[in-house]
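Here is the structure we will look at, set down as structure tokens.
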Protein chains: 2
Amino acid sequence: MARTRRPAAPAADGPDARGRLLEAGQAAFADRGFDGATVRDICRRAGVNIAGVTYHFGGKEGLYVEAVKHAHTCAARMNDFPAPPPGTPPVEKLRVFIREMVARMHAPASTTAMKLMMREMADPGRAAGVVVDEFIRPVAFALRGILRELLPGLDEPRLLATGFSVIGQILFYRQNRPVSELIFGKAAVDALDAGLVTDHVTRFTLAALGLAEPVGSSPRRGGTA
Amino acid sequence: MARTRRPAAPAADGPDARGRLLEAGQAAFADRGFDGATVRDICRRAGVNIAGVTYHFGGKEGLYVEAVKHAHTCAARMNDFPAPPPGTPPVEKLRVFIREMVARMHAPASTTAMKLMMREMADPGRAAGVVVDEFIRPVAFALRGILRELLPGLDEPRLLATGFSVIGQILFYRQNRPVSELIFGKAAVDALDAGLVTDHVTRFTLAALGLAEPVGSSPRRGGTA
DNA sequence: GTCCGTGCCCAACAGACGTTTGAAATATAC
DNA sequence: GTATATTTCAAACGTCTGTTGGGCACGGAC
């Protein structure tokens, strides 16, 4: 009678074993990587037997792919960018794009989901294609469209490079935050909150495109909205 | 008599066992990561017995740390930035900084060394401190010094953000090249060679700072030198 | 009731991992 | 020459990995 059939550790009323494995796997893969995370640890955290991974996902790699897909499903409200009303001037579209992008990098819907996807992007493999197709590429082409409107005469390579300049600025804060903190100290980097970064990147970019006053020109902030 | 004492596989006249382990380890860690690389594989490639790693470095982790140090020694002619003669205008210093930085990202002295360091920066640990102290921080402060000259009135957070905008643009091409190729195709990304990137980043940055004509303003290139 | 399929658990598997052992081989000092 | 220290070797160690086969409990069909 001491034997309870129900799973031991976590909430038994929540998602089923498969769902719990998915979430535990997402968390484990996010902060230990594919090789670093172990099936045993994932199952322990999910309150599921070791055999559960093979049973539900066919193996560790299957769980990984599904976890990444699940992550992109979670965090990929990237699509639901607030669609600007038609007739919105391109400059305003770019402003919105940068603001939304910075916001999602600083405070993503799911931290672990974002970490997992970033890890997969760092060295692509296994599930990179899925993330790129449904998560990254739409955003990239949206940005390219905006920039094409703004710079109709620019040749393709330079347009691409301009897009990379925008994304590169934004991505930096997510990809290189730990190193930045090692260099300049955590306090200095933490001072750059989403608002300030949005402000700066918008102004830096618009100034580079000749659509705003250059950085440092005016002591007052006059960037975004 | 059939027994040859000399190591089997690689060149026997080159570096000794310790040195060969260092190089093989650097290569293995660079493209498989710490967990992915195996001591057995490293020893096989180095032509050294399995016990060699423990004997010479005290273990796998010791070899990893030394490999990263060795990598930073190899690729870290980062210090020997062409020191601009005193009296050089800050704008020219920034031009040189960007050009050198882009060049080293596109064609580092040692590809594997660069990959290994980048991997360690992606999620710091074990040997991140060494790389930052002797490789990254000097460059970061050099850039900050240049920007401080250019923007004497800017507050600290925004100066920091400006530096991140510069480095973010440059780093993008090294950190996100695989993903970029997945999105836009290898050909389109390969078209962005070091010269074009230097040209673009320089112009984009100087325009953002109000020191050059904005991107797309003139059909001719007028950027760097 | 019996039957069968689904979901899950236990225990064990074979393999790979990093590390250690103790001796053989080499280099160095005398 | 002998004596000593350093380096390399083959073989095994214990541990941890992902995976698997067999069995237990529950569900609806009949």
Side-chain angles (χ1 to χ4, degrees), chain A residues 1-29 31-68 125-127, chain B residues 1-29 31-68 125-127:
Chain A
M1 24 257 293
R3 299 292 298 277
T4 66
R5 279 293 122 219
R6 298 284 77 209
D13 59 333
D16 58 347
R18 205 191 115 100
R20 275 176 291 149
L21 278 176
L22 219 41
E23 290 190 23
Q26 180 175 312
F29 289 135
D31 57 42
R32 292 205 230 273
F34 180 79
D35 292 318
T38 73
V39 173
R40 277 175 171 82
D41 181 53
I42 293 172
C43 289
R44 198 179 323 117
R45 295 206 220 180
V48 174
N49 190 268
I50 323 275
V53 169
T54 303
Y55 177 76
H56 285 288
F57 301 96
K60 185 186 185 183
E61 188 149 337
L63 171 59
Y64 180 78
V65 175
E66 290 304 316
V68 174
R126 279 179 275 261
Chain B
M1 10 297 280
R3 301 290 297 277
T4 66
R5 279 296 120 216
R6 296 285 77 208
D13 59 333
D16 58 346
R18 206 190 114 100
R20 276 175 291 148
L21 279 176
L22 219 40
E23 291 191 22
Q26 180 176 310
F29 289 135
D31 56 42
R32 293 204 231 271
F34 180 79
D35 292 318
T38 74
V39 172
R40 280 177 168 81
D41 180 53
I42 293 171
C43 288
R44 198 179 322 117
R45 293 205 221 180
V48 174
N49 190 271
I50 321 274
V53 169
T54 304
Y55 177 76
H56 285 288
F57 301 95
K60 184 186 185 182
E61 187 151 338
L63 171 60
Y64 180 78
V65 175
E66 289 304 316
V68 174
R126 281 180 273 264

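If you're wondering where the values come from, they're calculated on a predicted model, not measured in any experiment. Every chain is numbered from 1 and lettered A, B, ... according to where its sequence line falls, protein lines coming before strand lines.
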A/Leu63 versus A/Leu21, closest heavy-atom pair with distance
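Where A/Leu63 meets A/Leu21 most closely, the heavy atoms are CD1-O, 3.9 Å.
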
Can you confirm whether A/Tyr55 sits close enough to A/Asn49 that some side-chain heavy atom of one is under 4.5 Å from a side-chain heavy atom of the other?
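Side-chain contact under 4.5 Å: no.
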
Could you tell me if the side chain of B/Val68 sits less than 4.5 Å from the side chain of B/Phe29, heavy atoms only?
no

Give the rounded distance in Å between these two atoms: [atom1] of [X] and [atom2] of [N].
X       : N      : atom1 : atom2 : answer
B/Asp16 : D/dT6  : CG    : P     : 16 Å
A/Leu21 : C/dG7  : CG    : P     : 13 Å
B/Ile42 : C/dT19 : CD1   : P     : 11 Å
B/Phe57 : C/dG18 : CZ    : C1'   : 16 Å
B/Leu63 : C/dC17 : CG    : P     : 15 Å
A/Arg44 : C/dC8  : CZ    : P     : 19 Å

All side-chain contact (heavy atoms from CB on, under 4.5 Å) counterparts of A/Asp41, not counting sequence neighbours:
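Partners of A/Asp41 by the side-chain contact (heavy atoms from CB on, under 4.5 Å) criterion, ordered by chain and then number, come out as A/Arg32, A/Thr38, A/Arg44, A/Arg45.
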
Identify all pairs in which a protein N or O lies below 3.5 Å from an N or O of nucleotides 19-22 of chain D, and state each distance.
residue : atom : partner : partner atom : Å
D/dT19  : OP2  : A/Lys60 : N            : 2.8

Quick one: salt bridge (charged side-chain N to carboxylate O under 4.0 Å, His left out) partners of A/Glu66, sequence neighbours excluded?
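If we apply the salt bridge (charged side-chain N to carboxylate O under 4.0 Å, His left out) test to A/Glu66, skipping adjacent residues, the hits are A/Lys69.
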
D/dT8 phosphate, OP1 or OP2, under 4.0 Å from B/His56 side-chain N/O
yes

Give me each pair satisfying side-chain hydrogen bond (donor to acceptor under 3.5 Å, both in side chains) with a member in residues 56-65 of chain B, each pair once, sequence neighbours excluded.
B/Tyr64-B/Glu120

